[in-house]
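Numbered from 1 within each chain, the chains take letters A, B, ... in sequence-line order.
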There are 2 protein chains.
Amino acid sequence: MSKNSSLSHRVTNDLRRDIVAGILPPGAWLKTEELAARYAVSANPVREALWRLQGEGFVVANPNQGARVRMVDDDFVRNIFELREAIEPIFVRRFCQRATPEDLDRLRAAAADFATVAREQPTDFDALDAANRDFHSIMLEGEINVQAIEVMQRYAGLINATRAKLPIMPSRVRQRVAQHTEMVEAIVAADADAAARVAVDHIRAAGEDMLSQMRQVRLTGSRVARNQPARKDDLPAG
Amino acid sequence: MSKNSSLSHRVTNDLRRDIVAGILPPGAWLKTEELAARYAVSANPVREALWRLQGEGFVVANPNQGARVRMVDDDFVRNIFELREAIEPIFVRRFCQRATPEDLDRLRAAAADFATVAREQPTDFDALDAANRDFHSIMLEGEINVQAIEVMQRYAGLINATRAKLPIMPSRVRQRVAQHTEMVEAIVAADADAAARVAVDHIRAAGEDMLSQMRQVRLTGSRVARNQPARKDDLPAG
DNA sequence: GAGCGATATATTCTATAGATTCCTGATGGC
DNA sequence: GCCATCAGGAATCTATAGAATATATCGCTC
């Protein structure tokens with residue numbers, strides 16, 4: 001697809017992957033020289049990758065001081081989900097207006113797929129996430145507000161990467177299935193208000209669920225096994 | 001204030017100023033070498049400035065091909081104002097909750113200031129804009145959703161720069177004064193719903209006004225004298 | 001002779017290495 | 001105990017070399 005085969009792109013992807021995998025944990029300093037050695041490039045592509053990842057929200061940088069992996073704390077999660085609650089209705093409403101019968105069929109099919117995954121692999125985050133993404137991306141296909149899409153997707157990677165490391169509650173998965181169904185029904189009925197309302201509820205529930213799982217992990221210190229930090233020793237320094 | 005006195009920051013500011021002033025018009029190619037010569041630095045700070053301005057929305061860049069000043073067309077304006085309509089209510093509602101009597105006094109004073117400017121200098125965009133900014137920034141003072149603020153301010157500079165070159169309708173200025181008053185009243189009454197509604201109307205009116213002025217300028221070819229491109233000859237190439 | 005495709009050239013972005021500037025923390029003087 | 005100065009380290013900048021892309025020219029086919 002996008003064969004952005006420049007060094008800085010490769011470094012961007014590698015760095016993102018390592019952050020997502022937890023090899024570079026939240027708060028870790030991202031020293032240019034260190035990363036340059038790690039990825040076998042010079043300082044410039046690393047700098048550029050850091051810029052890009054700053055744009056994606058993975059990294060926060062201070063002038064003349066260096067960059068670090070962003071801390072995903074409660075405030076941040078709350079802020080992002082609040083933003084999503086504000087923006088998603090735009091997409092849902094417009095999709096209500098423009099959806100063709102074929103679009104509706106595909107949306108229904110995607111909702112069914114998600115329900116299947118939820119039934120058969122209810123604890124597999126990646127599978128659930130992929131199915132969920134398929135469902136929601138249908139609504140973005142003909143969306144004209146590219147700036148709004150950009151905002152919505154900006155922190156999606158980071159939020160998702162963080163969510164992937166948290167436990168999954170079966171009850172919440174069932175709730176998501178129900179909400180998808182509800183949304184499809186509202187859209188089929190061309191009831192934009194109802195669809196937007198469901199979308200907001202959907203996002204709010206997801207946000208509250210994530211916050212509660214984060215609290216849970218903080219309290220119990222538990223951590224889901226999969227996607228664990230692997231080997232921290234890969235890095236020269238701590 | 002922010003004494004970001006690195007070369008790339010200086011270039012960022014200079015480049016932004018030149019784009020805002022119209023010396024580098026929308027659509028103009030921003031060649032690294034050319035800009036490096038223009039601002040008497042090497043390619044790297046220019047690259048970095050372009051990254052930053054891409055983040056601010058002034059510039060769009062393609063890999064291995066170059067960057068250009070963003071075109072501000074109708075779609076873009078519509079998208080940005082739609083985003084604002086979605087996000088601004090977040091701020092207004094929360095301000096309603098936390099506003100102290102002192103905050104309300106200052107908001108009232110700012111609204112009065114804007115009204116004064118509107119009466120005495122109704123065609124001075126900069127004065128109106130400054131007063132308007134003062135008014136709205138009061139509501140952002142204690143705002144906790146920094147990501148939402150960032151989104152709101154992202155394209156503000158570019159939109160403002162474009163708006164500054166368009167004509168100002170006295171009737172629209174009067175409408176803005178009235179809307180400010182209305183908003184203050186709703187906030188004083190702690191009626192968050194009403195305040196949010198007024199805010200949305202306010203933004204929608206501003207967006208429609210801007211679009212209609214853009215249409216007007218396109219049709220008549222007229223252009224406001226002040227802030228005109230100055231001298232394009234400053235640039236090596238056309 | 002006109003249109004199309006391939007090669008060659010020119011332009012521009014991209015990457016490297018070394019020099020420079022800036023920030024941070026530590027040491028010594030007041 | 002507090003402030004100024006200095007050393008170490010890291011980010012930033014310059015200059016130059018290396019890729020990638022777009023453009024123009026030439027030759028071929030129809």
### Message
Does B:E141 have more than 12 heavy atoms from other residues, nucleotides or ligands lying within 6.0 Å of its CD?
### Response
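Yes, enclosed.
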### Query
So with a 6.0 Å cut-off around CD of A:Q121, is the heavy-atom count from everything else above 12?
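Yes, CD of A:Q121 has more than 12 neighbouring heavy atoms, counting only those of other groups under 6.0 Å.
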Whole-Å distance between [N] [atom2] and [X] [atom1]?
X: A:W51; N: C:dC13; atom1: CH2; atom2: C1'; answer: 18 Å
X: A:L35; N: D:dA10; atom1: CG; atom2: C1'; answer: 13 Å
X: B:R10; N: D:dC13; atom1: CZ; atom2: P; answer: 10 Å

### Query
Which distance, rounded to the nearest 0.5 Å, do you find between the CZ of A:R94 and the CD of B:E82?
4.0 Å
Tabulate atom names and distances for all N/O pairs under 3.5 angstrom spanning the protein and nucleotides 6-12 of chain C.
unit_1	atom_1	unit_2	atom_2	d
C:dT12	OP1	B:K31	NZ	2.9

### Task
Classify the ring geometry between A:H202 and A:H136 as parallel (under 30°), tilted (30 to 60°) or perpendicular (over 60°).
parallel
### Task
Answer yes if the side chains of A:D209 and A:S212 hold a donor-acceptor pair under 3.5 Å, and no otherwise.
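Side chains of A:D209 and A:S212: no pair found under 3.5 Å.
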### Query
Do A:R10 and A:N13 have side-chain N/O donor and acceptor atoms under 3.5 Å apart?
no
### Query
Less than 4.0 Å between a side-chain N and a carboxylate O, is that true for A:R38 and A:D14?
no
### Query
Does B:N62 reach the main-chain N or O of B:Q65 with its side chain, forming a donor-acceptor pair under 3.5 Å?
no
Which pairs, protein N/O on one side and nucleotides 15-18 of chain C N/O on the other, fall under 3.5 Å?
unit_1	atom_1	unit_2	atom_2	d
C:dA15	OP1	A:L7	N	2.6
C:dA15	OP1	A:S8	N	3.0
C:dT16	OP2	A:S42	N	2.8
C:dT16	OP2	A:S42	OG	2.4
C:dT16	O5'	A:S42	OG	3.3

